[in-house]
Amino acid sequence: LIAKGFANISNYWYFGMIFFLAYGMVYASKSLMECRSLNVLLKPLICSMFYILAYFSVKKIIVMQSFAIWFLVLTTLFVFILVKSGFKYRKEFLTALVFVNCLCLFVISTWRVTDKFLDSSSSLSEYYGQFVDSASESIEDPSFYRVEKYSYTGEYNTNLPQWYGYNGTSVFHSSLMKEICDYLNKTENNGYVMNNKISGLDGRSMALALANVKYDLIPEKNEDFIPYGYSEYKQNQGYYKDTNIYINNSTLPFGYTYSNGSCISQDKVGHLNGLGLQEIMMQVPIIENEESISEISDYHISTIDLDYEIIENQGIDIVGDKIHILKKNARIDLQITCSDNSELYVRFKDIYPDDQTKVFNASCGGIEKQAIQYHKGEFHKINRNNVLINLGYKKQGGEYICSVQFLSPGEYSLDDIKNQVEVYAQRLDSYDRYIEELSFESLNIEEMTDRYVKGNISVSNDKWICHSVPYSSGWKIY
């Protein structure tokens with residue numbers, strides 16, 4: 001329990017002190033037990049003060065956090081100065097310092113992973129209950145499946161599938177698999193927030209199908225974002241009873257197969273945007289460039305490049321090949337004619353990292369999304385140039401108003417707004433046929449654990465079999 005807490009808080013100001021304190025505590029315990037006189041009374045007082053500072057730190061009170069940080073730094077320097085100067089009680093002071101620091105770490109790390117500590121002042125269950133993930137406890141399904149949720153930013157949110165014990169599409173981890181990051185980057189998925197954070201699959205119907213997503217957790221206020229092919233499973237679920245669960249009526253099996261046994265190499269599809277790559281994977285597997293493979297050159301792309309008209313412009317000055325964002329929340333409104341039975345996307349193209357973090361909001365109807373391009377100095381930035389934002393499934397065609405908002409003032413490297421802010425409709429007329437073909441002659445699972453899958457399959461010709469668990473070192477097939 002404490003180890004998990006240390007791992008959590010190690011991203012903060014405690015990072016450089018974790019090992020030192022753990023090592024020093026081994027020697028501090030015995031010395032503390034042997035202390036006599038007035039020093040024994042001083043130590044509990046110091047510990048109590050650090051307890052209060054720790055409490056304010058986890059409560060996210062910035063002033064008290066800063067005070068705690070600087071107090072600890074200055075106190076540590078002061079003690080080392082005393083030790084070097086030959087102070088009479090230097091051993092006792094050093095012992096007390098190590099002890100109170102360890103207590104501070106214990107308080108914060110324990111609070112972060114359980115609601116059984118400091119329960120009188122704060123409850124993690126209540127805190128985490130504000131997120132839609134709490135509704136996952138209402139899903140009753142023994143089969144293998146994944147769960148998507150309406151995406152939003154936040155480190156706690158992205159790791160909540162672990163807290164609630166379900167297979168989610170979001171994760172926050174310092175060492176994400178390179179293959180997963182490359183896949184999301186090449187498909188320009190806005191759910192790929194940073195190179196250590198994935199908020200989901202952005203509700204894309206085809207991406208959800210390929211990942212074996214069967215359920216979607218959507219707050220009532222965001223029900224405009226129900227993906228294609230999903231219907232209501234349960235209403236009013238979760239801690240605050242404000243989330244509905246939707247079930248995918250066309251879920252792919254765990255081990256689906258590509259019917260014709262052919263494939264296509266990466267270099268043949270490198271010119272396509274993320275939507276094109278996504279649809280190709282519904283037809284044939286894309287593999288690394290190899291010889292002696294049966295490739296196809298005929299595939300179907302249903303994405304339509306939509307023209308639009310800028311009908312309103314607030315706080316933006318276009319000068320030559322530069323767009324100057326003159327104020328925060330500057331906005332342009334685009335009038336679009338979208339085809340029916342389509343998902344609507346806004347694509348920001350050639351948005352290169354520079355000295356400033358760029359934040360983009362896109363909205364259409366009741367759907368609001370955000371994309372972030374971090375500055376080039378950010379350690380966890382994504383080296384991507386394009387990002388697609390899914391603005392939802394449009395059953396009925398017609399005119400829509402799409403608002404694009406820039407939260408960060410500054411200069412953007414967009415040569416021509418008509419070319420660099422693109423709008424697409426991905427038609428879903430072929431979606432059901434793709435699902436039917438991929439589901440034919442699929443893997444019949446006999447046994448499955450988190451480390452083992454056993455099943456059987458009968459096929460009528462050579463095929464590729466695919467499952468949504470990414471390959472990593474250690475997997476073996478028999």
Side-chain angles (χ1 to χ4, degrees), residues 150-153 184-193 199-208 222 224-228 272-279 301-316 318 323 325 329-352 357-373 382 384-395 397-408 412-428:
Y150 185 80
S151 60
Y152 39 90
T153 58
L184 294 175
N185 200 2
K186 289 177 181 177
T187 55
E188 303 173 5
N189 198 302
N190 187 42
Y192 184 28
V193 182
S199 66
L201 298 176
D202 200 29
R204 300 185 184 185
S205 297
M206 293 187 185
L208 298 178
N222 299 116
D224 289 337
F225 201 61
I226 301 172
Y228 172 78
L272 297 174
N273 64 27
L275 297 178
L277 293 175
Q278 185 175 272
E279 187 167 5
I301 300 294
S302 60
T303 303
I304 302 173
D305 188 354
L306 300 179
D307 194 14
Y308 60 83
E309 180 183 353
I310 300 176
I311 59 175
E312 191 170 346
N313 179 343
Q314 297 182 3
I316 293 178
I318 303 176
I323 293 182
I325 310 303
N329 297 327
R331 190 187 82 236
I332 56 175
D333 289 344
L334 315 177
Q335 184 172 327
I336 303 160
T337 302
C338 183
S339 57
D340 59 355
N341 195 34
S342 302
E343 283 179 340
L344 181 63
Y345 290 86
V346 171
R347 184 182 190 226
F348 294 95
K349 183 181 176 184
D350 296 336
I351 311 276
Y352 298 100
T357 294
K358 304 181 180 72
V359 182
F360 311 93
N361 276 356
S363 62
C364 182
I367 298 174
E368 296 182 4
K369 289 294 189 70
Q370 184 179 91
I372 302 177
Q373 176 69 301
I382 305 170
R384 66 179 176 190
N385 300 327
N386 313 311
V387 62
L388 282 156
I389 298 180
N390 181 11
L391 292 180
Y393 171 63
K394 312 301 178 188
K395 184 176 182 180
E399 288 191 353
Y400 292 89
I401 302 298
C402 172
S403 295
V404 177
Q405 189 177 50
F406 303 83
L407 299 186
S408 304
Y412 289 75
S413 300
L414 302 179
D415 300 323
D416 180 352
I417 192 169
K418 278 282 187 177
N419 293 329
Q420 307 300 322
V421 180
E422 302 173 336
V423 181
Y424 292 94
Q426 184 167 52
R427 294 191 59 86
L428 298 173

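Keep in mind that this is a model prediction, so the values were computed, not measured.
A 4.5 Å side-chain heavy-atom check between T337 and E399 finds at least one atom pair inside the cut-off. Side chains of L272 and E279 form no contact here, defined as non-hydrogen atoms less than 4.5 Å apart. Within the 4.5 Å cutoff, no side-chain heavy atoms of N190 are placed close to those of N390. You'll find the side chain of L184 reaches within 4.5 Å of the side chain of L201, heavy atoms only. Between L391 and C402 there is a side-chain heavy-atom pair separated by less than 4.5 Å.
Checking side-chain atoms of S302 against main-chain N and O of R427 turns up a donor-acceptor pair under 3.5 Å. A distance-only check finds a donor-acceptor pair linking the side chain of N189 to the backbone of G191 [under 3.5 Å].
Side-chain polar atoms of Y424 and Q426 form no donor-acceptor pair below 3.5 angstrom.
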Q. Please walk me through it: do R331 and E312 pass salt bridge (Lys or Arg N to Asp or Glu O under 4.0 Å)?
A. CA-CA 8 Å; R331 190 187 82 236; E312 191 170 346; 3.3 Å; yes
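Residues forming a salt bridge (charged side-chain N to carboxylate O under 4.0 Å, His left out) with E343 (at least two apart in sequence, or on another chain): none. Among residues two or more places apart in sequence or in another chain, the side chain to side chain donor-acceptor pair (under 3.5 Å) test is passed with Y192 by none. Evaluation of the side chain to side chain donor-acceptor pair (under 3.5 Å) rule for S403 yields D333 as partners, not counting sequence neighbours.
Smallest separation of non-hydrogen atoms from I382 and V193: CD1-O, 3.2 Å.
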